[in-house]
Amino acid sequence: MLNQQRSLSEIPKMSGASQAERAVLEEEFNWLLKEEVHAVLKQLQDILKEASRRFSMPTPGLESQLKQENFILGSSTMDQVKGVLTLQGEALTQADITLKTAKSNQVMHFAFREEKQWKLQQIQDARNHVNQALHLLSSRDESYRFKTGAEVNKLMDAVMLQLTRARNRLTTPASMTLPELATSSLMKMFSPPMPGDIMVNLYINLSKLCLTIYHIHAMQPNTTKNFRPSGSSVLHNPGAMFEMNNAKFEVSHMQKVECVVPWLNDTLVFFTISLQLCQQLKDKIAVFSSFWNYRPF
């Protein structure tokens, strides 16, 4: 069996290989296609099923199967923003946020309206990519016979593409302009409504759930000659400007609090392991192909 007798690096180059050595290589390569590829596919499916389970949607009537988790936002060094977010799979079912304004020290309290929940599109998209990877893997069950290394590589490339997209959705939050934030449906989620000089954003960054709050003020007409609207960004720093409804505004203060979601961290680890398994299988195919003076693809 492959790797039990000798490492691939010890296999002689085919150009100088005897007929017997060529036959051994062919046999080992056929074993790789028949046995080891399916063993890797099974391993990948097991790992990705665990990842998918983390993302699972509640079944109608069985919502309790997907537990609700409370995450506390804020830190000991910054008590101007505090909050508790309740996450159930891809949905924030509750949000309880307390803000202390820098100027007046006024404390404001906001919560999601009872009938509302906020779907985190990043989690939804990542789950869809994982399920697509699982679909690709399950399309080649144990009875399927791979005929060439190229066929295996094509499947691995397709799986790796889905896993890379899934990972990128969690590691790369969407960039938004300030007008997009101001008109986001997230702003309509709260009771009481957010005041006009405050904007919020909620997103995933790696394994963290992040809440960003922007305090804005209208720019005076005599300062608009220096108006430079900011573009799309994940974070907009104080001084960022934008125009909306024929008025010009500036970010005066930005606050960000976050919390770690352990199962998102697990999921990112699953993606890394799965991508490594795919690449290792591709590497073994490549090593074998390099020992033929023709490509066995």
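Remember, predicted model here, so these are calculated numbers, not experimental data.
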Taking E180 for the side chain and T177 for the main chain, is one N or O donor matched with an acceptor at less than 3.5 Å?
yes

Keeping E151 on the side-chain end and K147 on the backbone end, is there a donor-acceptor pair under 3.5 Å?
yes

Could you check whether the rings of F190 and F110 sit parallel, tilted or perpendicular, using 30° and 60° as the cut-offs?
perpendicular

NZ/K154 to CG/L136 distance, rounded to the nearest 0.5 angstrom?
11.0 Å

Which donor-acceptor pairs under 3.5 Å do side chains of residues 264-273 form with protein atoms, sequence neighbours excluded?
residue : atom : partner : partner atom : Å
T267    : OG1  : W263    : O            : 2.7
T272    : OG1  : L268    : O            : 3.1

Distance-only side-chain donor-acceptor flag, Q279 / D283, under 3.5 Å:
yes

Are the side chain of Q122 and the backbone N or O of R169 linked by a donor-acceptor pair below 3.5 Å?
yes

Gap between atom NZ of K49 and atom OG of S138 - 0.5 Å precision
8.0 Å

Might you work through the salt bridge (charged side-chain N to carboxylate O under 4.0 Å, His left out) test for K82 and D96, ending with a clear yes or no?
CA-CA 8 Å; K82 291 181 179 178; D96 200 294; over 6 Å; no

Under 6.0 Å between ring centres, would you say that holds for H38 and Y144?
no

Side chains of H215 and Q255 only: does a donor on one sit below 3.5 Å from an acceptor on the other?
yes

For the backbone of S143 and the side chain of D141, can you confirm whether one donor and one acceptor N or O come within less than 3.5 Å of each other?
yes

Quick one: does S52's side chain have a donor or acceptor within less than 3.5 Å of a partner on N131's backbone?
no

Taking a hydrophobic cluster as the set of Ile, Leu, Val, Met, Phe, Trp and Tyr residues connected by side-chain heavy atoms closer than 4.5 Å, whether directly or through intermediates, do L202 and I72 fall within one such cluster?
no

If only atom types and distance count, is the side chain of S233 paired as donor or acceptor with the main-chain N or O of H236 below 3.5 Å?
no

Spell out, as yes or no, whether a donor-acceptor pair under 3.5 Å connects the side chain of T164 to the backbone of M160.
yes

Can T212 and N201 be said to form a side chain to side chain donor-acceptor pair (under 3.5 Å), step by step?
CA-CA 5 Å; T212 309; N201 193 17; 5.6 Å; no

